[in-house]
Amino acid sequence: MRIGILGAGNMADALGTQWTRSGHDVMVSGRTPAKARALAERIGPTARTGTWADVAEFGEVVLVAVHAPAVAEVLSSAGAESGAFRDKVLIDCTNVVAFDRFTLDTPDGSSSMAERITELAPGAHVVKAFNACHESVWRLTPPVFDGRPLVVPLCGDNPDAVATVRSLVTDIGCEPADGGSLERAALLEATTAFMIGLWSKGVDAQAMVPPHEFGDET
Ligand SMILES: NC(=O)c1ccc[n+]([C@@H]2O[C@H](COP(=O)([O-])OP(=O)(O)OC[C@H]3O[C@@H](n4cnc5c(N)ncnc54)[C@H](OP(=O)(O)O)[C@@H]3O)[C@@H](O)[C@H]2O)c1
């Protein structure tokens with residue numbers, strides 16, 4: 001699969017490296033071209049770089065991996081308003097955490113970054129994924145803890161797009177989980193902010209979740 005990555009930082013590095021190892025073709029783009037070139041070299045000989053617009057054109061799937069405040073400008077530079085992402089799968093891994101109080105700082109009255117990205121990229125099939133774990137987790141080969149593969153929740157409205165992202169989750173040795181519609185991305189973003197707040201206080205947030213047999217509320 002051809003995967004474009006908007007961003008040349010930690011998430012681009014972690015996931016771009018994993019997907020290249022799985023046989024996908026990756027193109028990265030960054031604000032600082034030299035950094036993007038260095039990342040592509042690190043990822044491997046098949047990885048390439050381009051402008052934001054090149055990445056939008058190249059990718060059947062495009063990962064948004066820039067800081068939340070930069071998302072609107074980057075998508076616009078990639079040609080989002082003119083339909084550059086129409087019918088493409090756009091993976092949103094962004095978090096918009098207000099780190100002084102570990103709440104969400106979602107822009108322009110949107111309920112989530114995923115919703116905002118849907119507005120900014122008309123026609124794109126947005127799937128929220130990969131936002132809930134630190135980049136160091138996405139570098140593990142594979143991300144398995146206590147013998148259990150990491151479960152990666154996905155929220156999206158287009159079944160084909162969700163199926164595509166499910167396969168990219170499986171490719172890195174994780175287990176995809178159906179997180180429901182894109183509307184529910186707001187819950188995933190809030191849960192992540194909450195967890196980051198707990199981790200920052202030294203709480204073992206993993207221990208907060210009981211085994212599955214205790215999870216039925218009905
Ligand atoms: N790091 C994590 O553990 C983690 C985990 C889950 C989700 N996320 C989310 O993933 C996204 C990327 O995080 P990251 O850790 O990869 O960040 P990062 O390492 O800081 O990289 C961010 C990328 O965005 C670019 N960028 C920053 N400001 C920009 C602007 N105003 N215009 C254009 N490009 C800009 C950076 O360019 P320069 O290098 O030139 O500054 C860099 O290419 C964020 O939304 C973050 O919340 C991160």
Side-chain angles (χ1 to χ4, degrees), residues 1-7 11-12 14-29 50 52-66 68 71-72 74-96 106-107 110-133 137-138 143 149-192:
M1 197 182 300
R2 290 192 315 277
I3 303 175
I5 302 184
L6 299 170
M11 289 295 280
L15 290 170
T17 301
Q18 294 270 31
W19 288 328
T20 300
R21 277 195 199 118
S22 307
H24 298 293
D25 289 326
V26 166
M27 179 188 280
V28 296
S29 181
W52 303 119
D54 292 338
V55 161
E57 193 180 346
F58 172 84
E60 300 161 84
V61 172
V62 177
L63 173 73
V64 183
V66 294
V71 165
V74 167
L75 289 177
S76 175
S77 302
E81 294 102 326
S82 331
F85 297 101
R86 185 166 297 285
D87 297 328
K88 298 200 180 215
V89 179
L90 205 48
I91 305 176
D92 168 26
C93 75
T94 65
N95 284 313
V96 64
T106 313
S110 308
S111 66
S112 66
M113 276 306 293
E115 183 195 339
R116 184 74 191 119
I117 288 173
T118 303
E119 292 161 358
L120 292 167
H125 303 307
V126 178
V127 178
K128 187 88 200 181
F130 302 108
N131 67 306
C133 291
V137 172
W138 305 122
L150 180 74
V151 169
V152 180
L154 311 179
C155 297
D157 290 337
N158 181 285
D160 291 338
V162 171
T164 299
V165 183
R166 286 181 76 89
S167 74
L168 293 175
V169 168
T170 307
D171 283 345
I172 67 169
C174 296
E175 203 173 288
D178 179 8
S181 66
L182 198 67
E183 187 185 10
R184 300 187 78 238
L187 303 179
L188 187 48
E189 293 179 19
T191 302
T192 302

When you compare the side chain of [Y] with that of [X], does any pair of heavy atoms fall below 4.5 Å?
X: Phe58; Y: Asp25; result: yes
X: Leu150; Y: Trp138; result: yes
X: Leu6; Y: Leu75; result: yes
X: Thr170; Y: Pro176; result: yes
X: Pro153; Y: Arg184; result: no
X: Phe85; Y: Leu120; result: no
X: Ser29; Y: Asp54; result: no
X: Leu168; Y: Ile91; result: yes

What pair of heavy atoms forms the shortest contact from [X] to [Y], and how long is it?
X: Ala84; Y: Ala78; value: CB-O, 3.3 Å
X: Met1; Y: Val61; value: SD-CG2, 3.5 Å
X: Pro122; Y: Ala80; value: CD-O, 3.4 Å
X: Ala121; Y: Leu90; value: CB-CD2, 3.7 Å
X: Pro149; Y: Gly173; value: CB-O, 3.7 Å
X: Asn158; Y: Ala161; value: OD1-N, 2.9 Å

Under the criterion side-chain contact (heavy atoms from CB on, under 4.5 Å), I'd like the reasoning laid out for Ile5 against Val55: C-alpha separation, chi angles, the key distance, then a yes or no. CA-CA 7 Å; Ile5 302 184; Val55 161; 5.7 Å; no
Using a cut-off of 6.0 Å, state whether more than 12 heavy atoms not belonging to Glu60 lie near its atom CD.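 Enclosed.
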Any donor-acceptor pair under 3.5 Å linking the side chain of Ser76 with the backbone of Ala72?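 Pair absent, no side-chain N/O of Ser76 close to backbone of Ala72.
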Can a donor-acceptor pair be found, under 3.5 Å and without considering hydrogens, that links the side chain of Asn95 to the backbone of Asn131?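 Yes, because the side chain of Asn95 sits within donor-acceptor range (under 3.5 Å) of the backbone of Asn131.
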Roughly how far, to the nearest 0.5 Å, is the [atom2] atom of [Y] from the [atom1] atom of [X]?
X: Leu182; Y: Ser112; atom1: CG; atom2: OG; answer: 6.0 Å
X: Glu189; Y: Thr106; atom1: CD; atom2: OG1; answer: 6.0 Å
X: Gln18; Y: Ile172; atom1: CD; atom2: CD1; answer: 5.0 Å
X: Thr20; Y: Ile3; atom1: OG1; atom2: CD1; answer: 7.5 Å
X: Lys88; Y: Arg2; atom1: NZ; atom2: CZ; answer: 7.0 Å

Can you pull the salt bridge (charged side-chain N to carboxylate O under 4.0 Å, His left out) pairs that have at least one residue in residues 118-127, sequence neighbours excluded?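 Qualifying pairs, neighbours excluded: Arg116-Glu119.
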Given the rule in the side-chain contact (heavy atoms from CB on, under 4.5 Å) test, do Asp160 and His125 qualify, once you have shown the distances and angles that lead to the verdict? CA-CA 9 Å; Asp160 291 338; His125 303 307; over 6 Å; no
Test salt bridge (Lys or Arg N to Asp or Glu O under 4.0 Å) on Lys128 and Asp92; report intermediate values, then the result. CA-CA 5 Å; Lys128 187 88 200 181; Asp92 168 26; 2.7 Å; yes
Decide yes or no on side-chain contact (heavy atoms from CB on, under 4.5 Å) for Asp171 and His24, but give the supporting numbers first. CA-CA 10 Å; Asp171 283 345; His24 298 293; 2.7 Å; yes
